[in-house]
Asker: 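Take a look at the following structure, please.
Naming convention: chains lettered A, B, ... in sequence-line order (proteins, then strands); numbering from 1 in each chain.
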Amino acid sequence: MTPDAPLSLTSSETPYELPRLEQALNESDLRRQFRFFSGHGAGDHDLGSCLPASYASQEFQRQKHLGFPVLIHGTTVTPLSERLENTLHGSALERQTSYLFYLIVKILKKTPLIDSETLLNECRQAFIDEADLSPQAQEEVAAELAQRCLDEELKGTVLGLSPDALQRLYELALKAAKQHEWQAFLQQIRSLVHALENRLKVHSDTTASSLDANEMGSLADRFIKPDNLSDKLRARKRGSKPLSADRLKRMEDSLDVLRAFLDLPHTERVPLHWIRVHPSDSGSALTEMTHATTTLQKQVDLMVDVFRALRIANLELRGQYDTDLHDEPFTRFDHQSLSPGERRILPALVINLDYAWLEHQQHALEALIAQQIPIHVVAEQTVLATGERHTSQAYLAIAHREAFILESSLARPVHLFEGLQALHLSGRPGLVVVSQPSWNQGVDQDLQLATALMTRDTVLLRFDPNRGITFSRCLNVDGNEQSRQLHTLTHLDLAEGQLPCAMTFADLAAIQPEFHDQFWPLSADAWGDHQIPIDQYLEQIEIGNPNKIPFIWCIQERQIRRCLVSQRIVHAASRRRHYWRTIQELAGLDNEFAHAAAERARQQAESSAQIKIESVEGSMHEAIDDARREATRTAMRRLSYALLGLELESQAPLKAVEKPSAPPSETPPVERANRDSLPEVQAPPVETAAEVSDIEDPYIDSDLCTSCNECINLNSLLFRYNADKQAEIAAVESGTFAQLVLAASKCPARCIHPGTPRPGDTSATPEMIAQAEQYQ
Amino acid sequence: MYGVKNDWLYEPKPRYFVLDDYTGATPRWCPGCGDHAVLTSVQRLCRDEQLKPEETVFVSGIGCSSRFPHYMKTYGFHGLHGRALPIACGVRSRRPDLNVFVSTGDGDCFSIGTAHWIHALRYNMKMVVMIFDNNIYGLTKKQTSPTTAKGKHSNTHPKGTFLSPLNPITVTLGVGNASFVAQTVDWSPPHLYATLKKAFEHPGTAFVRVMQRCPHFTADVFEPYVLDPTRVLMMTHENGIPAEGAVSKIFTNCVEHDPSDLNQAHSIAVNTDVLPIGLFYQNTAAERYDEYSIHGLDFPDEQKLVGIREELDRFTI
């Protein structure tokens, strides 16, 4: 079989003799860095000590800085490595940063959640213990570290990567997002309870049925006490009418509910109900989920009762409760009646389960979202737990459009933390899918997470329906590496130059032992033109069969190698590529509609520019032709005059005189003569027009009006106040000229100007007109 | 969609106030009285600032000016003669959430209430003090007031007032903690409004003297200024009262005066040849007694009672 012949990707048809790989594990730099990469199996097609080349690129190395451990301070969360580098920059310990970081990670393995000050103290101790230093150097290092530890930048709580990191992060985000609001809510309830108690006390005092001498005495005693007296006064201010029976009942019921709520344990912190759904032997997955939902629904109902009591109490205390209006809505008051603000106060209700489980819970999840029950479903997606299959529950849940969807990864604690905060504030049901490493596997957890993210196996995505109704507003895909590209592109520095390596699912599969038999390393003498990198292969199969063999770049023993990739891996990579393309399109990063529109606009602009250019060119050519013709004509005339012996100048003035005389001859001279001879006849109408325009309308300088009511009292149809309560003329025809003059004379601000009388106004005597003169 | 069914039950709708929401009884001032202009300007100010009527209080003493609270549909306190300012200070110190306005006259404030005038300025609590200065006791029919011009015939001085008038501006500028001193005229509503607006924005006591025409008793006093606007000296500055539109066209006699310059304010105020209008002096950083007096307002009754008892126990024999 020649290399150019079409090839399929099954191993039996692979035409090359695959080299046998060395099993020895040398301690190269690269291997030390990825110490987990133990050889798996010993078959011909084993990857052995091969590593995907992209892992050695700088782009990939940078990823690790963005993950755990993180420093949490108030509502912000930052990767600790970033902070540590900033703090130690320029100090004597700058070169020891990685070592310190290593110590910190070690401490965090034991206690994942720790106060930063304690952590740094422990780290300092470990550093001094482990480093072989002279006593003086020890002191110096201790002093330097102690000083740096006090730095404001390093204040807060540090969280390391551990199996329960997600739950801890969720709790911290909850505290950061809601604690303040929750305290205010509790305060509101306490003050309401206090006010209700006061009101009920006043009621019981004013309706004391029998007043015997003893009671009178005790009442008098109570009255004399200043605090009781003030209560009485307060009661009187609100009207000391005794409450009706149903009002009393409503207030007492509300008080009971609110008191019972305050008496619940641990109300000071925002309650968190975290139910972990495990597969059990007895019940099916569906019943487990339904069971959890029912438990949490009870919490929602409890809060709904509290909010109902709160609203009723507020209305009752203001005396605004109207039985006709409010009874009916309050009887059907449920969680859907809560306002957005109230929904934000609801405690956090979480169903935590494995992502693989969620796939079987579609029905229960849909029910949650459809009924708008504000429960958060937190699914933990272990990297590659589903094999090469790829499903996106987050994408399916987006289709409901009503729930807050967050798809994130433990590799990006900042994205996760901010997303969770937004989720807490949205007051909506939520689905959180978090990518987690496989904890039991030998592969480094950071590496698993970072690779999943770089290969688009995990997509960072946030869908917040509160932001609008279009995808472009709701969907946020910030934080994804090189989000405008289909594949993340890395560059490997080689002696010959840079080698670009696009990261695909194949790079992720290469570090998973179960996929090792899907790769075939090739030695350099087996390379050929019919092999292409897998990203190009994926691009080409979208058009048709490329008749090539896909490979990825690998490193073995500090040598670059090609590794052929099986059909199974290609399918898996293609699926992820397709998913990411869809998300890009929805988020508007690379939208084909937009490209098409831009292209149309560009073509339109080009064509209109072309038309313009052509017309300009055309007119230019015309002008050149004209000029050429004119020049020829002039030359010919000069020549003919010269030949005939005529004076050239004598002709030119004649032409010049002729031209200007032509245009004015529009009106015949006879008509002009007529008009000139009859000025008297046409004069009167002109004069009438002048007289009409001479009538001055009355007006008021409203800015100067002092609102003294004089003019309004005189004639409220003629004058009126404007929006600033300053006078203006309402309707001139509603009053007489005499009234205008009278108002002007009375106006203390002298801002009424009567103008001149309207034709036919009989009140306009010559005296009036004379008087009006002074107010103009 | 959720959250829309019953929202209105819980969150009251915001209100928008128009002039009518501040209009109380029909004014019984004489036709042509300058008080009408002040009333309208104040009502416009209330509307433009959207002050809630139930959170606004007008305090007055006795006199024509002091009828003011009756004509506003807000809370009002028609007090004793000369005692508007102490009442207003009391309101302000116990209810700092209210907008306090004081309307008082030249007789009320500069004569019988002089002591309160000085000390209210010193306390510098946030309020707008409007002095309706018509140079006469108008309500009691033409008696000499502290600002009546020398030689003016009145019922108490039928042969002419004997003493030169008091200059309230120089007195006010002389009080150590005075923080806002302005003067305006009732016959220029735009300037009057701008002055009141500036006064309302001031954080402490804003003293605004409104030169106000009394058409019956002192028409002759203000007539020359009305007819000849050049006799009015308008103080202009970027930090002063904005003079725009009609105001700048009418009052052409202007002087640039920085409201933080106390010395120049004095020299302008003592010049009686012209009638200065505008902002004489403003100091937003002056001390305020109401910042101190609000301490303890939020204590519950029990705590107050304990405190009182503790204090009283000290005197137990």
Asker: Nearest 0.5 angstrom please: A/Tyr721 OH to B/Leu19 CG, how far?
Answerer: 11.0 Å
Asker: Could you tell me the separation between the CD1 atom of B/Ile250 and the CG atom of A/Leu704, rounded to the nearest 0.5 Å?
Answerer: 4.5 Å
Asker: Can you give me the closest heavy-atom contact between A/Pro748 and B/Gly32, atom names plus distance?
Answerer: CG-CA, 3.6 Å
Asker: Evaluate whether atom CD1 of A/Ile469 has more than 12 neighbouring non-hydrogen atoms of other residues, nucleotides or ligands under 6.0 angstrom away.
Answerer: no
Asker: Taking all heavy atoms of B/Pro31 and all of A/Glu710, pick out the closest pair and write down the distance.
Answerer: CB-OE2, 2.7 Å
Asker: Compare every heavy atom of B/Thr40 with every heavy atom of A/Thr706, then report the nearest pair and how far apart it is.
Answerer: O-OG1, 4.3 Å
Asker: Top residue by heavy-atom pair count (under 4.5 Å) with chain A, among B/Pro189, B/Pro190, B/Ala219?
Answerer: B/Pro189
Asker: Return yes when atom CZ of A/Phe261 has more than 12 non-hydrogen atoms of other residues, nucleotides or ligands closer than 6.0 Å, and no otherwise.
Answerer: yes
Asker: Return the option, out of A/Lys746, A/Gln726, A/Lys725, with the maximum number of heavy-atom pairs under 4.5 Å with chain B.
Answerer: A/Lys725
Asker: Can you confirm whether A/Arg190 is buried at CZ, in the sense that more than 12 heavy atoms of other residues, nucleotides or ligands lie under 6.0 Å from that atom?
Answerer: yes
Asker: So what's closer than 4.5 Å to chain B heavy atoms on A/Cys705: side chain, backbone, both or neither?
Answerer: backbone
Asker: Got a donor-acceptor contact below 3.5 angstrom from the A/Arg750 side chain to the B/Val226 backbone?
Answerer: no
Asker: Who wins among B/Cys30, B/Ala37, B/Ser41 for the most heavy-atom pairs under 4.5 Å with chain A?
Answerer: B/Ala37
Asker: Under 4.5 Å, counting heavy-atom pairs only, tell me which of B/Gln43, B/Lys304, B/His191, B/Arg213 racks up the most with chain A.
Answerer: B/Arg213
Asker: Got a second to check how far A/Asp703's CG is from B/Lys249's NZ, nearest 0.5 Å?
Answerer: 9.5 Å
Asker: In this structure, are over 12 heavy atoms from other groups packed under 6.0 Å from B/Phe17 atom CZ?
Answerer: yes
Asker: Give, for atom CG of B/Asp48 and atom CG of A/Asp724, the distance between the pair rounded to the nearest 0.5 Å.
Answerer: 7.0 Å
